[in-house]
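What follows is a set of notes on a single structure, which appears directly below.
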Amino acid sequence: MKFPSQIVLCGAAVALCLAACSSPNKPISENGPASPAAAAEMALLDRHDSLMTQTSQLYEFKSKLSGYHSQAAAPYIHGLLAADAAMMDWMHHYKAPDTTAAPTSRLAYFQQQQQVLAGVSRQYRTTLDSALQFTTQH
């Protein structure tokens, strides 16, 4: 099957753009193992990605608890909303240092952010566990 040349050129342009445009959130190590700062950044972003997969659970529980039409569910809904807000707050305030910054300051920033995200992770887990417990009991 032959494709019109415009489609082929468009596809090639998209592929070239995707190859050339790496995500600013994903550090690239082209020459061997990642630096400690790049490794710390990758670990931080992996943790973020892992938490983001749990966000749908927050929304599912919020929806389920909203259906209870009971004041007893209110604290759990509030907890779910607070956990989501904590993640949104972290994402809005996360500013990776420029790659030209001193490696030690980059590493320190990513380590500090790992601690902040660990708190968000605990909040997610506690809130999800509490919501699950409430829904199984009611």
Side-chain angles (χ1 to χ4, degrees):
M1 171 182 226
K2 291 192 174 190
F3 293 101
S5 61
Q6 293 170 328
I7 293 174
V8 172
L9 288 175
C10 181
V14 169
L16 182 60
C17 181
L18 289 174
C21 304
S22 65
S23 169
N25 293 331
K26 297 289 184 185
I28 297 174
S29 175
E30 295 177 2
N31 300 323
S35 69
E41 182 179 19
M42 287 186 272
L44 177 68
L45 295 175
D46 285 346
R47 180 176 233 164
H48 163 265
D49 294 347
S50 174
L51 282 172
M52 288 305 295
T53 64
Q54 297 175 35
T55 301
S56 63
Q57 290 177 325
L58 289 177
Y59 293 127
E60 288 170 18
F61 274 116
K62 181 188 169 290
S63 176
K64 189 173 188 175
L65 291 169
S66 295
Y68 279 78
H69 303 293
S70 165
Q71 283 300 105
Y76 301 96
I77 293 171
H78 177 73
L80 294 166
L81 292 172
D84 184 49
M87 175 57 93
M88 293 299 125
D89 186 57
W90 180 84
M91 289 190 306
H92 289 292
H93 289 98
Y94 175 74
K95 301 281 188 250
D98 188 86
T99 56
T100 60
T104 55
S105 66
R106 285 178 45 81
L107 180 59
Y109 178 81
F110 297 131
Q111 289 172 336
Q112 184 268 337
Q113 290 299 302
Q114 189 71 261
Q115 294 301 314
V116 173
L117 210 49
V120 174
S121 179
R122 283 189 299 276
Q123 188 173 4
Y124 260 54
R125 189 74 268 138
T126 300
T127 301
L128 288 169
D129 289 347
S130 296
L132 176 62
Q133 184 177 15
F134 178 83
T135 58
T136 56
Q137 292 176 351
H138 293 89

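Computed from a predicted structure; not experimentally measured.
- Transitive grouping of hydrophobic side chains (ILVMFWY, heavy atoms separated by less than 4.5 Å) keeps Tyr59 and Leu81 in distinct clusters.
- Expressed to the nearest 0.5 Å, how far CE of Met52 lies from CG of Leu58 amounts to 9.5 Å.
- Criterion: ILVMFWY side-chain heavy atoms under 4.5 Å apart, direct or through other members. Under it, Leu107 and Tyr94 are not part of a common hydrophobic cluster.
- With hydrogens and angles disregarded, no donor-acceptor distance shorter than 3.5 Å links the side chain of Ser63 to the backbone of Glu60.
- The shortest heavy-atom contact between Tyr109 and Lys95 is OH-N, 2.9 Å.
- In this structure, OG1 on Thr104 lies 11.0 Å from CZ on Arg106, to the nearest 0.5 angstrom.
- No more than 12 heavy atoms of other residues, nucleotides or ligands lie within 6.0 Å of CD in Gln71, so this atom counts as exposed by the packing criterion.
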In residues 72-79, what donor-acceptor pairs under 3.5 Å come from side-chain atoms, sequence neighbours left out?
none

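- In plain terms, the two heavy atoms of Leu65 and Phe134 that are nearest each other are CD2-CD2, 3.2 Å.
- We find the CG-CE distance between Asp84 and Met88 to be 4.5 Å, quoted to the nearest 0.5 Å.
- Residues Met91 and Leu44 are members of one and the same hydrophobic cluster, defined by side-chain heavy-atom contacts under 4.5 angstrom among Ile, Leu, Val, Met, Phe, Trp and Tyr.
- Rounded to the nearest 0.5 Å, atoms CG (Leu45) and CG (Asp49) are 6.5 Å apart.
- Considering all non-hydrogen atoms of both residues, Ala37 and Phe110 come closest at O-CD1, 3.4 Å.
- Annotation: the span from Ser35 atom OG to Met42 atom CE amounts to 7.5 Å, rounded to 0.5 Å.
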Pair up each side-chain donor or acceptor in residues 113-128 with any protein partner under 3.5 Å, not counting sequence neighbours, and list the distances.
unit_1 : atom_1 : unit_2 : atom_2 : d
Gln113 : OE1    : Trp90  : NE1    : 2.7
Gln114 : OE1    : Arg47  : NH1    : 2.9
Gln123 : NE2    : Ala82  : O      : 3.4
Tyr124 : OH     : Thr55  : OG1    : 3.0
Arg125 : NE     : Asp129 : OD1    : 3.1
Arg125 : NH2    : Asp129 : OD1    : 3.2
Thr126 : OG1    : Arg122 : O      : 2.9
Thr127 : OG1    : Gln123 : O      : 2.7

